[in-house]
J.: 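Please see the structure below; I have some questions.
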Amino acid sequence: MKHKAATWPLPAVLTLVLLLSACGGGTPDDSDSSGEAAAHLNYGAYIYGSSLEPARSYDSWELVRYGIGECLVRFEEDLSPGPWLAESWELDPQDSRVWTFRIREGLKFSDGTDCKASDAAASLERLFAKSAALDAVERAEVRSYFTYESITADDASNTLTITTREPTPDLPGCLAYPWCAIVSAKAEAAGADMSTAPVATGPYRAVSFDPAIGCRLEANPHYWGGTPGYQTIDMQIIADSTTRSMALQSGDIDVASYITYADIGAFRDDPAHYEVHELASARSAYLYMNFDPARETSDPAIRQAILLCTDNATMCDITVGGTYRYGPGIVPDTLGYGNENLTDPFAFDPDRAAQVLDEAGILDSDGDGWREWKGRKIDIDLQAYENRSMDVFAAAIKTQCAAIGIDVTVSLTSSDAVVLSQRAGTYDMACYNTLVANTGDPAKFLAYWYSPAEANTCGYQNEEYDRIYAALSQEFDGDRRRAYIQQLQQILIDGAAVFNCGYYMSNTCSSTRVAGVQQVLSDFYWITPDLRPAA
């Protein structure tokens, strides 16, 4: 196979060289003190967060993804909660609000200090305090996951006890979410900057960080889980998937997070040099619709017409080359929440889409080809970003809506900017790919449409939805939780409340020089101690 040269913007390359030079080297042929080549990995990824601060929204994902931070609980392959920094936990049989976690012995932070139960408690308290001090658009939504009456620690038994304000059946899953990564509050008090060089417990520590360029990682010599496989790792921010593909082919990077359908065939066809790690993920791509009465998307006829005029199955199978699978529910069907029982009253039917608008009096009164709503031309602001084919979906939706007289303006930006716009309410439709089962099941994700929730930034209100969601939030029985989740999905479908693009097929491509690369449902664990040079 012929290897193509990567095309790198010159300023980015120069900045990357300067960044790596400032932290003592960083090329794959650096040598250690013995003169032998030090193990080094180059990992290319799309930019997500702007810092490594766990209290800032999605920035916590990078803290865990990069192998810097770890939580009390870790998701297993099936998304069930498993031990991590906590080796076990139990729920008080007399009080369903009280959970006790036994912290693993011998834990140390990356600065060599002990990590005890009291340090874990201080980290969680820090998370709540720091997030509360941030702007509502930026802060981690930890309070929408759980709130507590008390967090107490006993270092003698190395146990941590959390008493929640309300019964929280999925608390272990909440604590597995990356913003609950345990960091050293003591180190921060002594001057450590948690946004660029957090002191945590993972196999690697950050020695430099620039959100426009990447992060230099170094093996944590105090790691409790053994010796990490690489001495240094460069997480290189390469926003464009084709550029990531070219960099992997040229050998400039060793692992690439997400390669599009247009480029992935080159790696599938060359198993001698590359491995492709794929799975039907726990992610959905969807359009979050704004219900603000001043916006066109608040009108049910317009939402129904958008759903009816778009051929989602063809978009998934053809337009994005099978990297998504279509289904009407917002929760991926691989997770087992009764999607086979869902009905879709707004399946693809462009003639009916036009009829719905006509019957609602939403017409093209001036003959310019565009319908009007409340006396003005319909022009829907659709915000999207390039990663995971969100831009491709947005362009296809724009074209299909134009056929029924609805103009859509696509604004391409970063995923972080889409989230900030979504939280600020400055959008009509926001195209986003997200992990649906972010606490092990979709309950917290479905809070996006629960009217009392802080996460509900679209303004959706439905009394039946609220009643069922309130019951789900305190239900411990798994079968009843699954039934509630199915019901909530059907309510959203019937109300044309959300546009589901499809269920994402996750992938990571790597050189055969690298061992231990995994693609997991949770999408939180990229850099692990299992990553190492292939034998």
J.: Do Arg143 and Glu166 meet the salt-bridge criterion of a basic N to acidic O distance under 4.0 Å?
T.: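 Not counted as a salt bridge, because no side-chain N and carboxylate O are separated by less than 4.0 Å.
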J.: Whether Glu141 and Arg423 form a salt bridge (side-chain N of Lys/Arg under 4.0 Å from carboxylate O of Asp/Glu) is what I want to check.
T.: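 Result for this pair is yes, salt bridge flagged.
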J.: Where do Val199 and Phe109 come nearest, in terms of heavy atoms and distance?
T.: CG1-CB, 3.7 Å
J.: Distance only, no hydrogens: is a donor on one side chain within 3.5 Å (strictly under) of an acceptor on the other, for Ser157 and Thr159?
T.: yes
J.: Between Lys130 and Glu188, is the closest basic N to carboxylate O distance under 4.0 Å?
T.: yes
J.: Would you say Asp344's side chain and Pro328's backbone share a donor-acceptor pair under 3.5 angstrom?
T.: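 Not confirmed, Asp344 side chain does not pair with Pro328 backbone.
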J.: What I want to find out is whether Arg482 reaches Asp479 closely enough, with some N-O distance under 4.0 Å, to be called a salt bridge.
T.: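 Counted as a salt bridge, because a side-chain N and a carboxylate O are separated by less than 4.0 Å.
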J.: Counting N and O atoms only, with roles assigned by atom type, does the side chain of Asn456 sit under 3.5 Å from a partner on the main chain of Tyr460, one being a donor and the other an acceptor?
T.: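 Yes.
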J.: Any donor-acceptor pair under 3.5 Å linking the side chain of Ser511 with the backbone of Val514?
T.: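 No, Ser511 side chain to Val514 backbone: no donor-acceptor pair under 3.5 Å.
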J.: Donor-acceptor pair, distance only, cut-off 3.5 Å: does the side chain of Gln236 make one with the backbone of Ile253?
T.: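 Pair absent, no side-chain N/O of Gln236 close to backbone of Ile253.
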J.: Examine distances only and state if a side-chain atom of Ser281 and a backbone atom of Leu521 form a donor-acceptor pair shorter than 3.5 Å.
T.: no
J.: Are there over 12 heavy-atom neighbours, none belonging to Glu77, within less than 6.0 Å of that residue's CD?
T.: no
J.: Salt-bridge test for Asp95 and Arg97: reply yes if a basic N is under 4.0 Å from a carboxylate O, no otherwise.
T.: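 Counted as a salt bridge, because a side-chain N and a carboxylate O are separated by less than 4.0 Å.
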J.: Set out, in order, the CA-CA distance, both residues' side-chain angles and the distance that settles side-chain contact (heavy atoms from CB on, under 4.5 Å) for Leu217 and Cys215, then state yes or no.
T.: CA-CA 6 Å; Leu217 303 171; Cys215 184; 3.7 Å; yes
J.: When you check the side-chain N and O atoms of Arg74 and Ser522, is any donor under 3.5 Å from an acceptor?
T.: no
J.: Thinking salt bridges, do Asp263 and Arg244 make one under a 4.0 Å N-O criterion?
T.: no
J.: Is the Phe393 to Tyr324 ring centre distance short of 6.0 Å?
T.: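 Judged by ring-centre distance (under 6.0 Å), Phe393 and Tyr324 do meet the cut-off.
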J.: How about Ser144 and Glu454: does a side-chain donor come under 3.5 Å of a side-chain acceptor?
T.: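 Glu454 and Ser144 do not have a side-chain donor-acceptor pair below 3.5 Å.
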J.: Is the backbone of Val436 close enough, under 3.5 Å, to the side chain of Thr434 for a donor and an acceptor to pair up by distance?
T.: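 Not at all, since once roles are kept as given, no pair shorter than 3.5 Å links the two residues.
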J.: Using only heavy-atom distances, determine whether the side chains of Asn433 and Arg283 contain a donor-acceptor pair under 3.5 Å.
T.: yes
J.: Regarding His40 and Asp234, do their side chains bring together a donor and an acceptor under 3.5 Å, going by distance alone?
T.: yes
J.: As a quick check of understanding, evaluate side-chain hydrogen bond (donor to acceptor under 3.5 Å, both in side chains) for Ser241 and Arg388, giving each step before the final call.
T.: CA-CA 8 Å; Ser241 172; Arg388 296 193 173 99; over 6 Å; no
J.: I'd like to know if the side chain of Thr439 and the backbone of Asp170 have a donor-acceptor N/O pair within less than 3.5 Å.
T.: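 A pair under 3.5 Å: no.
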J.: Can you tell whether the side chains of Asp155 and Lys116 come within less than 4.0 Å, N to carboxylate O?
T.: no
J.: Thinking salt bridges, do Lys186 and Asp111 make one under a 4.0 Å N-O criterion?
T.: no
J.: Regarding Glu149 and Arg165, does a basic nitrogen lie under 4.0 Å from an acidic carboxylate oxygen?
T.: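 Not counted as a salt bridge, because no side-chain N and carboxylate O are separated by less than 4.0 Å.
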J.: Where do Thr196 and Leu52 land on the side-chain contact (heavy atoms from CB on, under 4.5 Å) test, with the steps shown first?
T.: CA-CA 6 Å; Thr196 59; Leu52 298 173; 5.8 Å; no
J.: Determine whether the side chains of Tyr204 and Thr528 contain a donor N or O and an acceptor N or O closer than 3.5 Å.
T.: no
J.: Are the side chains of Tyr46 and Ile238 in contact, using a 4.5 Å heavy-atom criterion?
T.: no
J.: Using atom types as modelled and distance alone, determine if a side-chain donor or acceptor of Asn500 lies under 3.5 Å from a backbone N or O of Gly327.
T.: yes
J.: With respect to Leu335, which candidate in Asp78, Ile485, Leu79 satisfies the side-chain contact (heavy atoms from CB on, under 4.5 Å) definition?
T.: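 It is Leu79, the one option of Asp78, Ile485, Leu79 that forms the side-chain contact (heavy atoms from CB on, under 4.5 Å) with Leu335.
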J.: Please test Ser110 against Asn220 for side-chain hydrogen bond (donor to acceptor under 3.5 Å, both in side chains), starting from the C-alpha separation and ending with a verdict.
T.: CA-CA 6 Å; Ser110 57; Asn220 174 10; 5.1 Å; no
J.: If you take all heavy atoms of Pro271 and Thr512, which pair is closest and at what distance?
T.: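 Looking at all heavy atoms of both residues, the closest pair is O-CG2, 3.7 Å.
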J.: Give the ring-plane orientation class for Tyr66 versus Trp526, where under 30° counts as parallel, over 60° as perpendicular and anything between as tilted.
T.: tilted
J.: Tell me whether the centres of the aromatic rings in Trp61 and Phe524 are closer together than 6.0 Å.
T.: yes
J.: Can you name the one residue among Tyr177, Trp99, Phe128 that meets side-chain contact (heavy atoms from CB on, under 4.5 Å) with Phe146?
T.: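 Exactly one pass, corresponding to Phe128.
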J.: Measure across Ala384 and Cys431 and return the closest heavy-atom pair with its distance rounded to 0.1 Å.
T.: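 That would be CB-CB, 3.8 Å.
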J.: Can you confirm whether or not the ring centre of Tyr525 sits under 6.0 Å from the ring centre of Phe75?
T.: no
J.: Check for a donor-acceptor pair, side chain of Asp333 on one end and backbone N or O of Asn339 on the other, with a separation under 3.5 Å.
T.: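 No; judged by distance alone, with no hydrogens or angles, the pair does not exist.
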J.: Could you go through the side-chain contact (heavy atoms from CB on, under 4.5 Å) check for Leu124 and Leu175 one step at a time?
T.: CA-CA 9 Å; Leu124 293 175; Leu175 293 174; 4.3 Å; yes
J.: Before you tell me yes or no, could you show the steps for Leu171 and Thr164 under side-chain contact (heavy atoms from CB on, under 4.5 Å), namely the whole-Å CA-CA distance, both residues' side-chain angles and the distance that decides it to 0.1 Å?
T.: CA-CA 9 Å; Leu171 182 65; Thr164 59; 4.1 Å; yes
J.: If you round to the nearest 0.5 Å, how far is CG of Asp254 from CZ of Arg513?
T.: 5.0 Å
J.: For Pro529 and Pro203, work out which heavy atoms get closest and say how close.
T.: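 Scanning both residues, the minimum pair turns out to be CD-CG, 3.8 Å.
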J.: From Ile527 CD1 over to Asp530 CG, what is the distance, rounded to the nearest 0.5 angstrom?
T.: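 The distance works out to 11.5 Å.
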J.: For the pair Arg104 (side chain) and Trp84 (backbone), establish whether a donor and an acceptor sit closer than 3.5 Å, ignoring hydrogens and angles.
T.: yes
J.: State, to 0.1 Å, how close Gly329 and Leu342 come at their nearest heavy-atom pair, and which atoms those are.
T.: CA-CD1, 3.7 Å
J.: Testing His277, Gln519, Gln518, Glu278 for side-chain hydrogen bond (donor to acceptor under 3.5 Å, both in side chains) with Thr508, which one passes?
T.: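 Only one option passes, and that is Gln519.
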J.: Do you know the tightest heavy-atom contact between Ala443 and Tyr469?
T.: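 Taking every non-hydrogen atom into account, O-OH, 2.7 Å.
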J.: Does a side-chain N-to-carboxylate-O contact under 4.0 Å join Glu475 and Arg481?
T.: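 Salt bridge flag = no for Arg481 with Glu475.
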J.: Let me confirm one number: the OH-CG distance from Tyr465 to Leu446, rounded to the nearest 0.5 Å.
T.: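 Taking OH in Tyr465 and CG in Leu446, the distance rounds to 4.0 Å.
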